[in-house]
Amino acid sequence: MVTGMTNGRTIDIAPSILSADFSRLGEEIEAVRRGGATILHVDVMDGHFVPNLTIGLPIVKSIARTTELPIDAHLMISEPGRYAQQFVEAGASMVSIHVEADVHLHRTLALIKSAGAQAGVVLNPATPLETLEEALPFADYVLLMSVNPGFGGQKFITTAIDKLRRLRRMIEERQLNTRIEIDGGIDLENIASVVAAGAEIIVAGSAVFGAADPEAAVRRLLEATVQWV
Ligand code: DX5
Ligand code: ZN
């Protein structure tokens, strides 16, 4: 069994169910768990903050009843503070909000934590790391988008590698334990470089559920992280 440990850091593969077959969601989740996935990434879109609509609270509730995997709710919605707590109550163990969508970041992060989940801050590809400056100490993890949010199956934006390195440095300089998550266009080709640059939680949608065998796809992604770093 391949475990996601590298250089003392724990690597989590977090398949994004956005690319799963929703008519067989339970089986798909069980397959990626067998492959070694340790987190389940759930993309929530409101058709306003991003130009797409996906899933919401009822699905999170059903998933939470059927799997032991921690649910990572990525809220791509405007004013996430209005809904963040409900996602924790629905069963999410991690809830992340976009800096571009919330003018009360500190309040929402505190709300998520007091509801009992880990709180994450998300940055779009063109949003500078400087916007994290004040919020960083209040976040359990930072999610860097390596595509523009809204759709699965997009191409990895390569400048994310340098952004990951700079974020890693920023966290180390402040002696924080903040974890780094990366999301968008991750595949077998680039997973080793994002891990080497500092990412610990690796989201993969189409590279997992677009593959003929999602279980094997997760296993291969995990192997690629330990093999090359
Ligand atoms: C994009 C979502 C991603 C997406 C990733 O808005 O936040 O989580 O599902 O899918 P891939 O891995 O196909 O880019
Ligand atoms: Zn996502």
Side-chain angles (χ1 to χ4, degrees), residues 11-22 25 28-29 32 35 37-56 59-60 63 69-78 80 83-84 87 92-102 112 117-127 139 141-161 163-164 179-195 199-212 214 217-218 220-222 224-225:
I11 303 298
D12 290 289
I13 303 287
S16 161
I17 62 164
L18 188 60
S19 300
D21 175 353
F22 282 92
L25 192 52
E28 296 263 73
I29 291 171
V32 296
T38 36
I39 291 175
L40 206 60
H41 186 83
V42 176
D43 289 305
V44 179
M45 306 186 190
D46 66 353
H48 183 259
F49 177 64
V50 289
N52 196 5
L53 281 164
T54 55
I55 55 183
I59 304 278
V60 171
I63 297 173
L69 287 177
I71 296 171
D72 167 29
H74 173 194
L75 304 189
M76 284 160 277
I77 62 177
S78 302
Y83 299 96
F87 278 93
S93 328
M94 300 165 68
V95 176
S96 62
I97 51 173
H98 274 257
V99 291
E100 306 87 359
D102 197 340
I112 295 168
Q118 290 178 35
V121 179
V122 195
L123 261 55
N124 279 337
T127 303
Y141 61 103
V142 174
L143 167 47
L144 291 188
M145 291 306 301
S146 40
V147 299
N148 289 292
F151 304 93
Q154 301 181 79
K155 198 173 163 341
F156 181 77
I157 298 171
T158 51
T159 50
I161 298 280
K163 198 173 183 182
L164 279 170
R179 298 190 79 203
I180 304 180
E181 181 171 16
I182 184 91
D183 182 9
I186 304 296
D187 57 22
L188 268 179
E189 299 296 309
N190 57 25
I191 190 164
S193 34
V194 297
V195 171
E200 293 155 285
I201 305 167
I202 320 294
V203 178
S206 44
V208 169
F209 292 110
V218 173
R220 276 196 298 270
L221 286 169
L222 258 177
T225 68

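We count ligands from 1, going down the list as the structure has it; atoms in each ligand are counted the same way. Keep in mind that this is a model prediction, so the values were computed, not measured.
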Rounded to the nearest 0.5 Å, what separation is found between the [atom1] atom of [X] and the [atom2] atom of [Y]?
| X | Y | atom1 | atom2 | result |
| --- | --- | --- | --- | --- |
| Thr225 | Glu200 | OG1 | CD | 12.0 Å |
| Ile180 | Lys163 | CD1 | NZ | 11.5 Å |
| Asn148 | Met76 | CG | CE | 12.0 Å |
| Leu221 | Leu188 | CG | CG | 5.0 Å |

(request) Report all protein residues having a heavy-atom distance below 4.0 Å to some atom of ligand 1; order the list by chain, then number. (result)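 If the criterion is a heavy atom under 4.0 Å, then ligand 1 touches Ser16, Leu18, His41, Asp43, Met45, His74, Met76, Met145, Pro149, Gly150, Phe151, Gly152, Gly153, Asp183, Gly184, Gly185, Val203, Ala204, Gly205, Ser206.
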(message) Just checking Tyr83: does its OH atom have more than 12 heavy atoms from other residues, nucleotides or ligands closer to it than 6.0 angstrom?
(response)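 No.
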(message) So if I apply the side-chain contact (heavy atoms from CB on, under 4.5 Å) rule between Ile63 and each of Val42, Leu69, Ile55, which one comes out positive?
(response)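 The single option meeting the side-chain contact (heavy atoms from CB on, under 4.5 Å) with Ile63 is Val42.
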(request) Given side chain to side chain contact (heavy atoms under 4.5 Å, CB included), test His98 with His74 step by step and report yes or no. (result) CA-CA 9 Å; His98 274 257; His74 173 194; 3.0 Å; yes
(message) Closer than 3.5 angstrom, by distance alone: can the side chain of Ser146 be matched with the main-chain N or O of Ile157 as a donor-acceptor pair?
(response)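 Between the backbone of Ile157 and the side chain of Ser146 there is no qualifying donor-acceptor contact (under 3.5 Å).
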(message) If we ignore hydrogens and angles and just use 3.5 Å, is the side chain of Asp12 paired with the main-chain N or O of Ala14 as donor and acceptor?
(response)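 No, the answer is negative, given that no donor and acceptor are paired below the 3.5 Å cut-off.
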(message) For the Zn ion (ligand 2), which protein N/O/S atoms fall under 2.8 Å? Skip waters.
(response)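 His41 NE2, Asp43 OD1, His74 ND1, Asp183 OD2, with waters left out.
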